[in-house]
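The next block holds one structure in the form of C-alpha cells; read it before the comments.
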Amino acid sequence: MTHPTFTTDPHGIVFRDLNRNGVMDPYEDPRLPVAERVADLLGRLSLPERIGLMFQTVIEAGPDGSVVEGPGAISKTATSTVVKDKLVNHFNVHLLRDAGAAARWHNAVQAIAEQTPHGIPVTISSDPRHSFAENAGASFSAGCFSQWPEMLGLGALRDPDLVRRFADIARQEYIAVGIRAALHPTLDLATEPRWARQAQTFGQNPEVVTALGVAYIAGMQGRQLGTGSVACTAKHFPGGGTVKGGEDSHFPYGAEQVYPSQSQEAHLQPFPAAIAAGVSAIMPYYSKPIGLRLRGIDADEVGFGYNRPIVTELLRRELGYDGVVLSDWELVNDNHVGDQVLAARAWGVEHLDTHGRMERLLEAGCDQFGGEECVSVLADLVAQGRVGEARIDESVRRLLTVKFQLGLFDNPYVDEQHAMEIVGSSLFRAEGHRAQAASVTVLRGHDVLPLTGTRSVYVEGMSTEAASRLGTVVNTPEEAGLAVIRLRAPWEPRDELFLEAWFHQGSLEFQPGLAHRLARIARHCPVLVDVFLDRPAVITPLLDVASVLTANYGTSDDALVDALTGVVPPVGVLPFDLPRSMQDVRDHPEDQVGLEDPLFAAPR
C-alpha cells in the first residue's frame, strides 16, 4: 500500500517523510538504532504530542471498514478528533466483524495519523478475542478469527508448545488486521472460585501459569520485540485473583484484595518470568490490597495503579522492570454509557479529583492511562508545576521505543486481501477445533467413553446437527438410549452498573430444580452432562444423575462430539479445584492455591 509519506532519499533509501519536510530526519531513517530514533523524535515533539502518547482509549471500527466519526456505543469521541486534535495514538479496539473490513478500517486510521505534526503511527490493541466468552470489559468471542478454548482450556492441556503455537496463530491474525498490542496474557492465579475473570487465566497452579505465560509471550513477541511481533501486556500485577469474597474490582463492591493465607508470593510468581521473557508492558489491577507485604515492601491500601510501593519499589526496583506500565481502564474518570454509569476505579483515592488521581498515578510509576483521553488534565498538571516535563519524557521514551521496535514508523499499513486469507483460515480453525476437543476434562465415565455404535439421543443445549453424529435425535427422554445435556456454570445476573451484566459473579450453585429435572431424565436413559466452566461450579448434585460427567472451557458442539467419540481424545485436566459446596467456597482463603477438600482436584 502506498501513501503520501512514502518517499525515497537521494541515495535510494525508502522512508516515510512523516513530518513532510522533504528530508529523511533521524527518526525517519529505518537504518538507525531504535534508541537514536527515539531520542531524535522526542526532542522534536511538542508537549501536546508527548501528552497524547500517554493515553490509550477505546475505539470503534465501522462494520464496513469505515472510520467512526462520532461518539459510538463505546468510544467517547470522533476518531479524527481524538487522533488529530487530542494527538492520542494508542487505541483499544472492540468489535471486529470482518477481517477485510478490519484491515480497511485500520489503514484509514493510520492515514489520519499521517496528518499529525510528526506522523506518529497508531498502535491498535485488543483484549483476548479467540475464544467463546463475550464480555465488553474483558474479552470477545472469536467471530472472524480462529476459535480456541478459553485460556483455562489451554491450562487444562498444560502444553507449553501448544500455547506457543496458539499465540503464534493469534499473532498472525492480529498483525493481518493491524492489531499490534495484546492486552494479555492474564497471569493471575484462579484461586478464588467465585472470581469473574478466571476464563482468561491458565488456572490456579503458579508453576503452570508461569510456564504457559512465558510460552504465550514467546509466541506473540518472539525472542525480542520486532517488526513481526505483537507486543504483550502481562496482567494484573502483582496478581489479581485474590479479590475479597470473589467480587471483581471493576465494581465498588469488589474493591479489596486480601491475603488471609499469606500466599501473596505465589500470585507474584509468574511476573518475574514474564519480565525475563521480555514482556513489553505490565498492567496493575484495579484492586486495593489489604495488608499486603511482598519482598519486604508494604503496599499502600490504594488501587495497584496508584500504589508506588508496588509499581516503583517492587516492579521497577526489586524486579528490575523498565518497560511500559499501563494502568487498567478508567482509573481517572467515571464512565457514562447510556443510562448506566461505572465509577472510576479509584479505590482508596476516591476523594481525589481527576487532577489528583492522574498525578498520583504518575507518582506511582504508571506510563500510560488506560481507557482515558482527558489530555487537558495532564496539560493542566504540567502548567501548574505539579508534573515536570522530565517525568513526561520518561514515559514517552518507553512508549515510543515500542512503536519503533514494532516497525510502525516505517510501515504500519496492512494488506486487506492478505487479512481475508489468513484470519480464520481453515488451518487455524482446525487447530483451534482440535484444542477445544482435547481440552475437555472427563470427570466421571471414563469406562463409558468413547461413545460407539448407533443409538437414539435426546439432547439439550446442543445443536441437532452435531447431535446427529451421536445417533438418531429424538424429542423426549422416553424415546432415547442416551441423553446429552450441556450446561454452563451458574452465576447471579446483575445489571445495575455499566459492564456488570457481562461479568459472571456470585453463587456457584445450580438452581435446586435442575438436579430434580435431570433425575427424571435419568429414569428413562443414561445421562451425559457436560458443563462449561468459565469458573468452578458446585456440581455435587449432578453426581447422582450423570453416568458421564465432563467439563469444558470453550468447546463447540462438534468439538465436544469429537471428544466424546474419541476422534480427538479428551485429555484435559482440571485447571482449578471444584468445590463440594458453597460453604466450602466461603470458608476458603481467597489467596490459597487449592481447596482443602475439593470434590474434584486439579493436579498439583
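As the structure is a computational prediction, the values presented were derived from the model and not from experiment. Quick note: numbers below take in every heavy atom, side chains included, and nothing from hydrogens, waters or symmetry partners. Start at 1 with the first residue, then count along the sequence.
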Keeping [X] on the side-chain end and [Y] on the backbone end, is there a donor-acceptor pair under 3.5 Å?
X: Ser146; Y: Gly424; value: no
X: Trp195; Y: Ala190; value: no
X: Asp17; Y: Asn21; value: yes
X: Glu69; Y: Ser80; value: yes
X: Ser327; Y: Gly370; value: yes
X: Ser66; Y: Gly62; value: no
X: Tyr286; Y: Trp329; value: yes
X: Glu134; Y: Ser141; value: yes
X: Arg129; Y: Ala142; value: no
X: Asp25; Y: Glu28; value: no

(Q) For a ring pair (Phe, Tyr, Trp, His ring centres under 6.0 Å) check, start with the C-alpha distance between Phe271 and Phe237, then their side-chain angles and the critical distance, and finish with the verdict. (A) CA-CA 7 Å; Phe271 290 95; Phe237 190 79; 5.3 Å; yes
Determine whether [X] and [Y] make a side-chain contact, defined as any pair of heavy atoms from C-beta on separated by less than 4.5 Å.
X: Ile179; Y: Leu96; value: yes
X: Phe503; Y: Arg197; value: yes
X: Arg360; Y: Arg308; value: no
X: Val83; Y: Val88; value: no
X: Asn19; Y: Pro117; value: no
X: Asp159; Y: Leu212; value: no
X: Ile51; Y: Leu87; value: no
X: Leu294; Y: Leu268; value: yes

Q. Does the ring of Phe6 carry Arg16 above it, NZ/CZ under 6.0 angstrom from centre and within 45° of its axis?
A.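 Judged by the rule (NZ or CZ under 6.0 Å from the ring centre, within 45° of its axis), Arg16 counts as positioned above Phe6.
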Q | Criterion salt bridge (charged side-chain N to carboxylate O under 4.0 Å, His left out) against Asp367, the qualifying member of Arg398, Arg50, Arg397 | A |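 Of Arg398, Arg50, Arg397, salt bridge (charged side-chain N to carboxylate O under 4.0 Å, His left out) with Asp367 is met by Arg398 alone.
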Q) Between Trp347 and Ser249, does a side-chain contact (heavy atoms from CB on, under 4.5 Å) hold up when you go through it step by step? A) CA-CA 9 Å; Trp347 311 141; Ser249 53; 4.2 Å; yes
(Q) Set out, in order, the CA-CA distance, both residues' side-chain angles and the distance that settles side-chain contact (heavy atoms from CB on, under 4.5 Å) for Trp105 and Val93, then state yes or no. (A) CA-CA 11 Å; Trp105 165 80; Val93 69; 3.7 Å; yes
Just by distance, with hydrogens left out, do [X] and [Y] show a side-chain donor and acceptor under 3.5 Å apart?
X: Gln56; Y: Asn92; value: no
X: Ser395; Y: Gln368; value: no
X: Glu49; Y: Ser46; value: yes
X: Asp9; Y: His11; value: no
X: Asp380; Y: His355; value: yes

[X]/[Y] aromatic ring centres below 6.0 Å:
X: Phe404; Y: Phe409; result: yes
X: His433; Y: Phe428; result: no
X: Phe166; Y: His130; result: yes

Q) Where do Phe132 and Gln147 land on the side-chain contact (heavy atoms from CB on, under 4.5 Å) test, with the steps shown first? A) CA-CA 7 Å; Phe132 287 78; Gln147 191 164 44; 3.5 Å; yes
Q: Using the side chain to side chain donor-acceptor pair (under 3.5 Å) rule, take Glu373 and Thr57 through it: C-alpha gap first, then chi angles, then the decisive distance, then the call.
A: CA-CA 6 Å; Glu373 58 183 68; Thr57 190; 3.3 Å; yes
What's the spacing between [X] [atom1] and [Y] [atom2] if we round to 0.5 Å?
X: Tyr285; Y: Asn307; atom1: OH; atom2: CG; answer: 15.5 Å
X: Leu42; Y: Thr401; atom1: CG; atom2: OG1; answer: 9.5 Å
X: Leu152; Y: Leu157; atom1: CG; atom2: CG; answer: 11.5 Å
X: Leu406; Y: Gln221; atom1: CG; atom2: CD; answer: 8.5 Å
X: Phe140; Y: Ser126; atom1: CZ; atom2: OG; answer: 6.5 Å
X: Met220; Y: Ile175; atom1: CE; atom2: CD1; answer: 9.0 Å

Q: Please step through side-chain contact (heavy atoms from CB on, under 4.5 Å) for the pair Val324 and Leu399, ending with a clear verdict.
A: CA-CA 7 Å; Val324 172; Leu399 294 159; 3.9 Å; yes
Q: Over 60° means perpendicular and under 30° means parallel, so classify the ring planes of His184 and Tyr216, tilted if in between.
A: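 Perpendicular.
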[X] and [Y]: which non-hydrogen atoms are nearest, and at how many Å?
X: Ala176; Y: His418; value: CB-CD2, 4.3 Å
X: Gly178; Y: Ile124; value: O-CB, 3.6 Å
X: Val122; Y: Ala113; value: CG2-CB, 3.9 Å
X: Glu36; Y: Leu32; value: OE1-CD2, 3.8 Å
X: Arg31; Y: Ile13; value: NH1-CG1, 3.9 Å
X: Val208; Y: Gly155; value: CG1-O, 4.4 Å

Q. If you measure from the Lys or Arg side-chain nitrogens to the Asp or Glu carboxylate oxygens, is any gap between Asp410 and Arg37 under 4.0 Å?
A.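 Between Arg37 and Asp410 there is a salt bridge, with a charged N closer than 4.0 Å to a carboxylate O.
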Q | SB check Arg165 Asp161 (cutoff 4.0 Å) | A |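 Not counted as a salt bridge, because no side-chain N and carboxylate O are separated by less than 4.0 Å.
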(Q) Tell me whether Arg316 at atom CZ has more than 12 heavy atoms from other residues, nucleotides or ligands lying less than 6.0 Å away. (A)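 Count over threshold, so yes.
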Q: Return yes when atom CD of Gln384 has more than 12 non-hydrogen atoms of other residues, nucleotides or ligands closer than 6.0 Å, and no otherwise.
A: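 Buried by this count: over 12 neighbours within 6.0 Å.
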Q: Enumerate the residue pairs fulfilling side chain to side chain donor-acceptor pair (under 3.5 Å) with a member in residues 228-238, sequence neighbours excluded, ordered by first and then second residue.
A: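 As it turns out, the side chain to side chain donor-acceptor pair (under 3.5 Å) pairs with a partner in residues 228-238, which skip direct neighbours, are Asp188-His236.
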Q) How far apart are the C-alpha atoms of His106 and Tyr413, what are their side-chain angles, what is the distance that settles it, and do they pass the ring pair (Phe, Tyr, Trp, His ring centres under 6.0 Å) test? A) CA-CA 8 Å; His106 166 266; Tyr413 293 100; 7.2 Å; no
Q: For Asn89, enumerate each residue passing the side-chain hydrogen bond (donor to acceptor under 3.5 Å, both in side chains) test, keeping only those at least two apart in sequence or located in another chain.
A: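 Lys403.
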